[in-house]
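Quick notes on the structure that follows.
Atom set for the values below is all heavy atoms of this structure, side chains included, hydrogens, waters and symmetry mates excluded.
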Amino acid sequence: WKVSLRNFVYKFRIDGKEDTTMELHLFRAGSLEIALRKTEQGVSLSGIFDKKISRGMLSQSAPLLTLTAERLSDGETVKVVSDDGFADASIVINGNRGVITLGGNEKLPGVTVTVLMQAQPEISRVTFRTVLHSENKEYTLTECDHPMLWFDVKDSVKFLSPYGCGEAMDSDSAMFGHGYRSAQDYPSYGASFQYMAAWDEAKNRCLYYGIHDPVPAAKKFHFVREVNAPTMHVKASQPLTEIDKGCNGQTLFGECVWQLTDGDWYDATLLYREWMEKNALWMPAMENGERTDLSWLKDIDVWLLVHIDGEDFADEIIQAAKDMGDVKVAVHLYLWHNAPFDNDYPHYFPEKPTVRRELKKLQDAGIRVMPYINGRLWDTHDKGTEDWQYSSVAYPKACKGRDGKAFNESYSSKEANGEHVVLSVMCPSTALWQEKVKSIVDKLVNDIGFDGVYMDQIAAAKPQLCCDRTHEHLPGGGTWW
C-alpha cells in the first residue's frame, strides 16, 4: 500500500525489468482509496484502503464483476469474470473520474463492459455505472453484477444482510468458516432493501454498499465466503432485459455506491434512507418526515392475526382487546371469503354472509380491520377443480419464460380431488391484472367497508422474469415488476 499511495500507476518490475503486463491504478475519494489491477487477462479489485485510520480492508486481489450469457440455440450458459479472458482491458483515471473497459473475451466475442467511476471526495464516496455493449447475435446477455465489494474477514468485522428487516452477521463466525453462499431476490422478503455494509467494530469504521436505483429494477443481493477463505464479498446482480434475443446491450439500472463512514449498520442505513427519501419513486407522500396517508396505522399498538372460524367472530376479538387494556387494536383478517385459503384465486366474492355485520361490530368498538388477499396469483383451476377463467382470461397475461410456459407455484393447499392447487404468477405490467386487483380492493374498502387491504406476495415473493412480448414490458428483468 505504501507503493500504491505514492504512485498513480505502479508498474511491476521482475528481475530489474519492467513488467508491462500488470498495472496498479489508485482511485481516491476522500478517505476511501480503491486499488484496481490491470493485467493481460482483465481487471481486478486489488485493495481497499481507509486513509482516516491508515488501514487496509482488502489484502488480496479479487474479480470486480461477472457477466452471464446464454446461447440462444441451445441455452448453454457462459459466465465471464472481469479478471479472466478480457484481452482488451483498460483503466483510465482522470481526477475524480475513471473508466474501466473490458472487451476481447473469446467466450463472448463482440461484448464490451464499461464501468464509469465518479469520486465524491467530500463524503468519501465512489459511484459506479455499468454499461454493456453487445454485437453478439448468438448469445443473449442474461445477468450482470454491479461491482463486487470484497473485504478481509476477521473477528471484529461484521456485515449487513438485507434479509427481512436486515441482519447483522459475523464475517468470521464458525458457520462462515465452513463457507457460505446466499443469493436473495429484490424486491422480496429475502432482500427488502437495496444496500449492504461491512464494518469493523474495533475501529468504528463502516463501508457502505448500496444500489441507488429509484425505480427500481429487479435484482439479486449476494454475500459469499468460500470455505476457509480469508476474504468474502457482497454484491448486487441484475437480471437483464430483452433476454430473448442477441445484441441486447444495456445500462444497468441505478448506480452502485461505495462510501466510507464512521459507525456500523445503523450509519449505513442512514445513508440509504437519505438517498431514498429524496429520490425513490416508490416513496409515499411525506410531510416533515411523516407519511400523509393512512395516519391511523401509526397509532396501532397491537395487531391480531385472525382466521375466521364460524359466523360470529367479532365478540371474541372485542373481548381480547378489552383484556389488553388501553391499547389500540387492529385485525389482520383471513378466510373472510368462501373459497379455501390459496384456492380459486382471485375469485373472493361473495364474502362470507356475516362478514359485514361482524366488521361493523369491530369498527364500532374502535378496532380497525384489514383483510388478506393475494396480489400475485391466479388459480389454474379457479372454480373448484374446473378451469373456469384461467385459460381464457388469465393465461395470456400470466408471467411466462422464454419457452412460453407460465410460471406456476404450489403451496400446501389442495383441490377437492386431493391434488395440490397450482397457482400461476400474473404479470403486474398488464392492465388485466392491475384492474383485477384494483376492483377487488375497491369492493373491499368502498363497498364492504374495510379499513385497508393486505395484498400478499407483491413485495415478499420474488419477481418472475416474464418474457411474453405481448405484455407491456421488455422480456426479462427491468423496472416493470
Side-chain angles (χ1 to χ4, degrees), residues 1-13 22-39 43-64 83 91-98 100 115 117-128 147-160 168-173 176 195-210 223 225 229-235 256-272 274:
W1 278 106
K2 291 181 179 178
V3 172
S4 65
L5 289 172
R6 285 201 306 265
N7 297 280
F8 186 67
V9 178
Y10 181 71
K11 295 188 176 181
F12 294 84
R13 291 181 177 273
M22 186 162 60
E23 300 175 357
L24 194 65
H25 297 250
L26 191 69
F27 193 60
R28 300 182 174 93
S31 297
L32 176 60
E33 296 186 332
I34 300 170
L36 300 166
R37 187 176 69 167
K38 174 192 167 298
T39 70
V43 172
S44 61
L45 176 65
S46 190
I48 301 173
F49 193 79
D50 185 347
K51 283 180 62 179
K52 182 176 179 178
I53 59 173
S54 299
R55 189 181 182 100
M57 302 180 69
L58 175 65
S59 58
Q60 65 181 41
S61 293
L64 191 64
D83 60 354
I91 302 172
V92 177
I93 295 175
N94 185 6
N96 291 334
R97 297 180 182 272
I100 301 169
V115 180
M117 301 185 294
Q118 175 71 54
Q120 295 176 260
E122 67 279 7
I123 54 175
S124 299
R125 172 180 287 187
V126 173
T127 61
F128 305 86
M148 294 186 276
L149 174 61
W150 293 79
F151 51 92
D152 295 334
V153 299
K154 57 181 70 174
D155 290 341
S156 60
V157 173
K158 317 295 181 183
F159 71 96
L160 176 67
M169 309 184 78
D170 295 331
S171 69
D172 199 29
S173 68
F176 289 95
Y195 72 101
M196 304 175 81
W199 65 95
D200 191 328
E201 291 188 330
K203 302 295 181 181
N204 193 41
R205 292 290 281 168
C206 177
L207 185 52
Y208 168 83
Y209 180 93
F223 58 88
R225 184 188 178 189
T231 61
M232 67 174 292
H233 72 266
V234 299
K235 71 173 183 179
C256 180
V257 176
W258 299 8
Q259 183 170 340
L260 268 175
T261 184
D262 290 331
D264 55 19
W265 65 267
Y266 182 79
D267 303 275
T269 300
L270 294 180
L271 293 176
Y272 184 73
E274 179 184 21

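Once rounded to the nearest 0.5 Å, the distance linking CG of Leu160 with CE of Met196 reads 7.0 Å. The structure places CG of Leu32 at 6.5 Å from CG of Leu207, a figure rounded to the nearest 0.5 Å. Distance check: His25 NE2 to Met117 CE gives 9.5 Å after rounding to the nearest 0.5 Å. We find the NZ-OG distance between Lys51 and Ser124 to be 9.0 Å, quoted to the nearest 0.5 Å. In this structure, NZ on Lys52 lies 12.5 Å from NZ on Lys203, to the nearest 0.5 angstrom. Atom CH2 in Trp150 sits 10.5 Å away from atom CG in Leu64 (nearest 0.5 Å).
By the side chain to side chain donor-acceptor pair (under 3.5 Å) test, Thr269 pairs with Tyr195, sequence neighbours left out. Judged as a salt bridge (charged side-chain N to carboxylate O under 4.0 Å, His left out), and not counting sequence neighbours, Glu122 has no contacts. In this structure, the ring-ring contact (aromatic ring centres under 6.0 Å, His included) partners of Phe128, at least two apart in sequence or on a different chain, are Trp258. Annotation: side chain to side chain contact (heavy atoms under 4.5 Å, CB included) contacts of Asn96 (sequence neighbours excluded): Gln118, Ala119, Pro121. In this view, Asp267 and Thr261, Asp264 satisfy the side chain to side chain contact (heavy atoms under 4.5 Å, CB included) rule, not counting sequence neighbours. Listed by chain and residue number, nothing satisfies the side chain to side chain donor-acceptor pair (under 3.5 Å) test with Tyr209 (two or more places apart in sequence, or in another chain). In terms of the side chain to side chain contact (heavy atoms under 4.5 Å, CB included) criterion, residue partners of Asp83 (sequence neighbours excluded) are, by chain and number, Ser44, Pro63, Val81. For Thr231, there are no side chain to side chain donor-acceptor pair (under 3.5 Å) partners two or more places apart in sequence or in a different chain. With sequence neighbours left out, Arg205 forms a salt bridge (charged side-chain N to carboxylate O under 4.0 Å, His left out) with Asp50, Asp262.
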Margin query: Let's go through Asn204 and Ile53 carefully: what are the C-alpha distance in whole Å and the side-chain angles of both, what is the deciding distance for side chain to side chain contact (heavy atoms under 4.5 Å, CB included) to 0.1 Å, and is it a yes or a no?
Written below: CA-CA 10 Å; Asn204 193 41; Ile53 59 173; over 6 Å; no
Next item on the list: Report the C-alpha distance between Met232 and Phe151 in whole Å, list the side-chain angles of each, state the deciding distance to 0.1 Å, and finish with yes or no for side chain to side chain contact (heavy atoms under 4.5 Å, CB included).
Entry: CA-CA 6 Å; Met232 67 174 292; Phe151 51 92; 3.5 Å; yes
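For the pair Leu45/Leu36, a side-chain contact is recorded, criterion being any heavy-atom separation below 4.5 Å from C-beta on.
In terms of heavy atoms, Gly263 sits closest to Cys206 at O-CB, 3.4 Å. Taking both residues in full, the closest heavy atoms of Val153 and Ala229 are given as CG2-O, 3.7 Å, listed atom of the first, atom of the second, then distance. Contact record, Ser31 with Leu260: O-CD1, 3.7 Å, taken as the closest heavy-atom pair.
Only one option out of Phe159, Tyr208, Trp199 pairs with Trp265 in a side chain to side chain contact (heavy atoms under 4.5 Å, CB included); it is Trp199.
Looking only at distances, no side-chain donor or acceptor of Asp170 sits under 3.5 Å from a matching main-chain atom of Asp172. Panel note: side chain Gln259, backbone Ile123; a donor-acceptor pair is recorded below 3.5 Å. Ser171 contributes a side-chain N or O that, together with a main-chain N or O of Lys154, makes up a donor-acceptor pair within less than 3.5 Å.
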